[in-house]
Amino acid sequence: MKMTQQNVDWTVAQLESVYGEPEQNTRPKPMDNLISTILSQNTSDVNSRRAYKSLREHFPTWEDVYAAKPEAVAGAIRSGGLANQKSQRIKRVLEYVRTNNGSFDLEWICGEDPYDIIDEFTGIKGIGVKTISIVLCFSCHQNVFPVDTHVNRICQRLGFVPEKSAPKKTFWTMEEYIPDGKARTFHLNVIHHGRTICKSKNPQCSECVLLTKCDYGQNSINNGN
Ligand code: SF4
């Protein structure tokens with residue numbers, strides 16, 4: 001499927017027709033969300049949630065995490081994997097935010113141009129476009145479309161981006177086409193679709209509402225798969 005506004009709109013609508021518009025019951029504070037998203041890197045949701053809970057139990061405030069030794073932070077987040085690396089990332093982010101803002105309150109980012117925030121925060125080692133775009137999307141309700149592994153795979157299969165497009169490249173390609181107010185819904189629906197139908201292995205193309213326009217699905221059906 002060619003990358004056109006019409007095709008992206010169609011894809012958004014097709015997925016909404018089966019999955020609806022997922023509700024967001026709580027709005028995480030930007031700083032909480034940023035740290036929790038760092039903890040979610042390269043691990044499962046279950047493990048990252050466990051690590052975040054443990055971190056907050058050991059260190060109830062971000063000031064406490066900031067003051068703690070990196071080894072102590074790593075010990076608290078061990079269940080999330082890559083603990084030493086993530087503890088350093090967390091410490092770096094806290095250091096950056098405190099030095100530049102004088103506190104750990106990140107609410108101000110929601111009032112800024114999201115692309116300036118992406119530019120600023122991806123300058124911190126260990127923070128990528130996906131991490132900060134999740135914060136902007138879910139904590140700030142900005143129309144920013146985070147690209148994780150499911151989103152990237154599906155955008156590639158549909159033909160919106162080249163087969164080997166890196167997530168960052170996919171993010172910037174998709175960004176121009178996300179309809180106003182649809183980034184969060186579309187992101188959640190694509191992820192749901194990736195977990196249930198368009199799985200990494202053996203996608204269920206014959207059951208997919210995107211099949212009629214999907215490059216990969218059409219090839220797969222034509223080849224008898
Ligand atoms: S048709 Fe197949 S490859 Fe295309 S989006 Fe659907 S499940 Fe994925």
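Everything numeric here is computed off the predicted structure, so don't read it as measured data. Counting starts at 1 for both ligands and their atoms, in listed order.
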Self-check item: atom 2 (Fe) of ligand 1 [closest protein heavy-atom partner, distance rounded to 0.1 Å]
Solution: Cys205 SG, 2.4 Å
Exercise. Return the residue, atom name and 0.1 Å-rounded distance of the protein heavy atom closest to atom 4 (Fe) of ligand 1.
Key: Cys214 SG, 2.3 Å
Quiz item: Are the charged groups of Arg56 and Asp32 less than 4.0 angstrom apart, N to O?
Solution: yes
Quiz item: Are side-chain N/O atoms of Thr43 and Ser48 paired as donor and acceptor at under 3.5 Å?
Solution: no
Quiz prompt | Charged N-O contact under 4.0 Å between Arg98 and Glu63 | solution = yes
Quiz prompt | Any Leu211 heavy atom less than 4.0 Å to ligand 1 | solution = yes
Quiz item: With a cut-off of 4.0 Å, which atoms of ligand 1 are near a heavy atom of Cys208?
Solution: 1 (S), 5 (S), 6 (Fe), 7 (S)
Quiz item: Angle class for the His187/Phe145 ring planes (parallel below 30°, perpendicular above 60°, tilted otherwise)?
Solution: perpendicular
Quiz item: Under a 4.0 Å N-O cut-off, is there an ion pair linking Glu107 with Arg27?
Solution: yes
Quiz prompt | Closest protein heavy atom (residue, atom, distance) for atom 3 (S) of ligand 1 | solution = Tyr216 CD2, 3.4 Å
Self-check item: Taking atom 8 (Fe) of ligand 1 as the reference point, the nearest protein heavy atom with its distance
Solution: Cys198 SG, 2.4 Å
